[in-house]
Amino acid sequence: METTSVCLRHQIQTGAKRSRKATGDAIVDAMLEIAAASKMRATALMKNGDRFCISRCIKVLDEMQGVDQRLYFLALDLFENPTSREIFISLRNISASMGDIDIELDEMELVAVAAGYYYYNSLTRQTTCSLSPAGSGFMTVLLNSHDDVCREMLRMDKHVFHKLCSTLRERGLLRDTAGVMIEEQLAIFLNIVGHNERNRVIQERFQHSGETISRHFNNVLKAIKSLSREFLHAPPLSTPPEIIRSNRYYPYFKDCIGVIDGMHVPAHVPAKDQSRFRNKKGILSQNVLAACTFDLQFIFIYPGWEGAAADSRVLRAVLDDPDQNFPLIPEGKYYLVDTSYSNMDGFIAPYLGVRYHLQEYKGANQLPRNAKDLYNHRHASLRIVIQRCFDVLKARFPILKLAPQYAFQIQRDIVIAACVLHNYIRHEERSDWLFSSFEGMVVDELPDLDVQPDAQLASPMQQQVASLLRDSIASTMWNDFINEWNEW
């Protein structure tokens with residue numbers, strides 16, 4: 001151990017005289033010296049912090065200039081996920097600019113630690129462009145970094161982030177504190193929901209206590225949720241342009257104003273409640289009722305139902321409870337729903353007993369056989385927009401893919417806040433990179449968990465009105481297809 005310390009000290013003392021490549025070699029050599037004693041590393045760091053610690057390597061790193069900012073973020077990711085081969089390869093490729101480096105994951109983990117701490121320590125010494133009196137280093141480099149880096153860390157474009165901060169500040173929903181300004185508060189929240197990070201990781205990244213991180217997370221969650229009435233609202237009554245522009249959908253679905261479906265979000269619940277929250281796939285989840293427009297914006301969100309609850313029952317509960325504020329459906333207008341819902345006034349479902357999912361229309365049997373077959377195919381093609389909406393939402397906020405260990409009320413509120421942010425981004429940046437990446441993408445739609453709807457949830461009159469409308473649409477659609485051979 002003493003030999004390691006002497007070697008490392010010698011490299012540190014001579015680091016200022018080295019070229020960039022030589023300095024890189026010195027870093028690697030120093031890391032390898034430490035890695036050689038990896039079995040004793042933990043004990044050594046605790047007992048001999050003064051003579052054997054990463055801070056000595058940071059002093060060598062301090063001599064380097066112009067280190068690529070991507071190294072910092074990749075280093076942090078590697079430290080948090082040291083077994084990730086993809087991150088290792090990316091970090092090694094960037095690090096190659098510092099010298100010919102070819103080391104294993106264990107040693108690279110140490111390099112990542114040094115590089116990460118180097119960046120944070122060097123940035124916290126900056127006195128210009130400071131966003132807050134303390135912990136501003138990460139935010140300074142983040143908001144002055146390349147747009148791609150900012151987008152990846154904050155899950156939105158930089159100008160959208162700044163506008164959202166201004167909105168929260170101007171409306172008094174958040175306030176700057178002595179130690180943490182609104183920009184950093186929002187960044188803490190976005191790092192958690194946008195990367196499913198744990199409190200401990202965020203503490204290291206922003207250099208705040210666990211209590212401070214938790215307090216600002218909850219404050220931002222409450223503030224964003226309060227915007228739900230403004231950014232989750234009823235759709236326009238006019239025919240959506242996405243329908244007007246398509247001969248497959250217009251004029252047949254001219255009165256359709258959106259799509260409704262259930263979204264299952266993994267849930268963390270006490271053992272006594274798990275039977276109610278276990279869905280038909282055997283996963284603990286909350287069933288979230290969602291309505292969206294054809295412009296990929298959410299109209300309505302109702303999270304918190306048990307995963308075992310049928311979609312049709314969740315919808316009926318919402319319609320029967322005025323306090324849920326489900327948007328009033330104008331006479332003659334309707335939403336598209338899948339086979340897990342009843343076909344009733346205001347909610348038009350596909351025909352039962354007829355193929356429906358898009359993968360069933362591939363191959364030799366792709367052409368429609370009759371009016372119901374054609375109707376179901378176009379219904380499914382139009383309704384798939386809500387699956388795309390779910391995919392964008394979960395890609396932007398991966399916390400929705402796992403069960404975060406928060407109180408269940410917090411889990412519910414995270415879903416609402418994520419949908420509010422989804423709509424806010426869609427409104428402020430039409431060319432958002434994530435929305436653009438999902439445009440035209442083929443969506444793999446899974447078969448419905450609820451194959452048969454509960455007929456008791458719709459009155460005979462509601463079902464008759466909806467059936468007449470559906471038959472009329474299917475008949476007109478089929479006649480036009482037969483006589484004019486339009487695209488189907």
Side-chain angles (χ1 to χ4, degrees), residues 231-263 289-301 326-339 341 343 346-350 356-359 361 366 368 373-396 419-445 466 469-470 472-474 476-478 480-481 484 486-488:
F231 290 98
L232 300 176
H233 50 74
L237 298 183
S238 57
T239 302
E242 293 81 7
I243 291 178
I244 293 177
R245 291 195 296 261
S246 173
N247 292 331
R248 301 173 65 208
Y249 306 135
Y250 188 81
Y252 319 110
F253 295 106
K254 60 183 176 62
D255 292 319
C256 181
I257 56 176
V259 181
I260 285 179
D261 202 358
M263 172 177 65
L289 178 68
C292 78
T293 68
F294 298 101
D295 186 37
L296 297 179
Q297 295 194 56
F298 289 104
I299 299 168
F300 179 83
I301 287 291
F326 186 84
L328 181 67
I329 304 175
E331 185 176 356
K333 300 292 182 179
Y334 57 86
Y335 289 92
L336 297 183
V337 296
D338 65 15
T339 54
Y341 297 91
N343 187 60
F347 305 92
I348 304 301
Y356 179 65
H357 296 288
L358 296 180
Q359 58 264 35
Y361 290 86
Q366 59 179 313
D373 204 21
L374 177 63
Y375 170 87
N376 271 17
H377 180 266
R378 291 187 179 176
H379 184 288
S381 300
L382 190 56
R383 196 193 64 84
I384 202 71
V385 68
I386 197 164
Q387 185 60 50
R388 186 171 289 114
C389 219
F390 293 157
D391 289 347
V392 173
L393 182 73
K394 291 184 177 182
R396 193 182 303 275
C419 292
V420 171
L421 290 172
H422 173 101
N423 280 14
Y424 186 89
I425 294 168
R426 186 62 165 166
H427 181 267
E428 295 296 331
E429 181 51 77
R430 299 293 303 179
S431 59
D432 171 78
W433 96 101
L434 205 50
F435 281 108
S436 298
S437 67
F438 278 86
E439 285 183 3
M441 183 179 293
V442 177
V443 177
D444 294 327
E445 186 183 23
L469 174 61
R470 182 174 62 183
S472 174
I473 293 173
T476 304
M477 189 183 292
W478 179 251
D480 290 345
F481 176 74
E484 302 178 19
N486 289 329
E487 61 175 323
W488 71 284

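These numbers come from the heavy atoms of this one structure, side chains and all, not from hydrogens, waters or symmetry mates.
Between the SG atom of C292 and the CZ atom of F294 there is a distance of 7.5 Å, given to the nearest 0.5 Å. Note that CG of D255 and OG of S238 are 11.0 Å apart. Values are rounded to the nearest 0.5 Å. How far CG of D338 is from CZ of F347: 13.0 Å, rounded to the nearest 0.5 Å. Rounding to the nearest 0.5 angstrom, the gap separating the SG atom in C389 from the CG atom in N423 is 7.5 Å. Expressed to the nearest 0.5 Å, how far CZ of F438 lies from CG of D432 amounts to 11.0 Å. The CD1 atom of I348 sits 6.0 Å away from the OH atom of Y375 when rounded to the nearest 0.5 Å.
With Y252 as the fixed residue, the side-chain hydrogen bond (donor to acceptor under 3.5 Å, both in side chains) test singles out one of T476, N247, D480: D480. The one candidate from I329, V259, I386 that meets the side-chain contact (heavy atoms from CB on, under 4.5 Å) condition with Y335 is I329.
N343 contributes a side-chain N or O that, together with a main-chain N or O of A349, makes up a donor-acceptor pair within less than 3.5 Å. Remark: the backbone N or O of L434 is paired with a side-chain donor or acceptor of S437 at under 3.5 angstrom. No donor-acceptor pair closer than 3.5 Å links the side chain of R388 to the backbone N or O of L296. Looking at R426, its side chain does come within 3.5 Å of a backbone N or O of D295 through a donor-acceptor pair.
No cation-pi contact links R378 to W478, judged by a cut-off of 6.0 Å to the six-membered ring centre and 45° from its axis.
In terms of heavy-atom proximity, P350 sits nearest to H379 at CD-CE1, 3.7 Å. Between L237 and P330 the shortest heavy-atom distance is CD2-CG, 3.1 Å. Here the closest heavy-atom approach between residue I243 and residue Y250 is recorded as O-CB, 3.2 Å. What you find for A380 and Y356 is that their closest heavy atoms are CB-O, 3.3 Å. Closest of all the heavy-atom pairs between C256 and P240 is O-CD, 3.4 Å.
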Inset, instruction - Dump the intermediate steps for side-chain contact (heavy atoms from CB on, under 4.5 Å) on F390 and F298, then the final yes or no. - result: CA-CA 10 Å; F390 293 157; F298 289 104; 3.9 Å; yes

Legend entry - Residue pair Q387, D391: steps toward the side-chain contact (heavy atoms from CB on, under 4.5 Å) verdict: CA-CA 6 Å; Q387 185 60 50; D391 289 347; 3.1 Å; yes

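Counting only residues at least two apart or on different chains, no salt bridge (charged side-chain N to carboxylate O under 4.0 Å, His left out) pair has a member in residues 238-247.
Side-chain atoms of F231 and L421, non-hydrogen and from C-beta on, never get closer than 4.5 Å to each other. In this structure the side chain of M477 never reaches within 4.5 angstrom of the side chain of H377, judged on heavy atoms.
Within a 6.0 Å sphere centred on NZ of K254, other residues, nucleotides and ligands contribute 12 heavy atoms or fewer.
Ring planes of H422 and F435: perpendicular class, angle over 60° (limits at 30 and 60°).
By the ring-ring contact (aromatic ring centres under 6.0 Å, His included) test, F300 pairs with F326, sequence neighbours left out.
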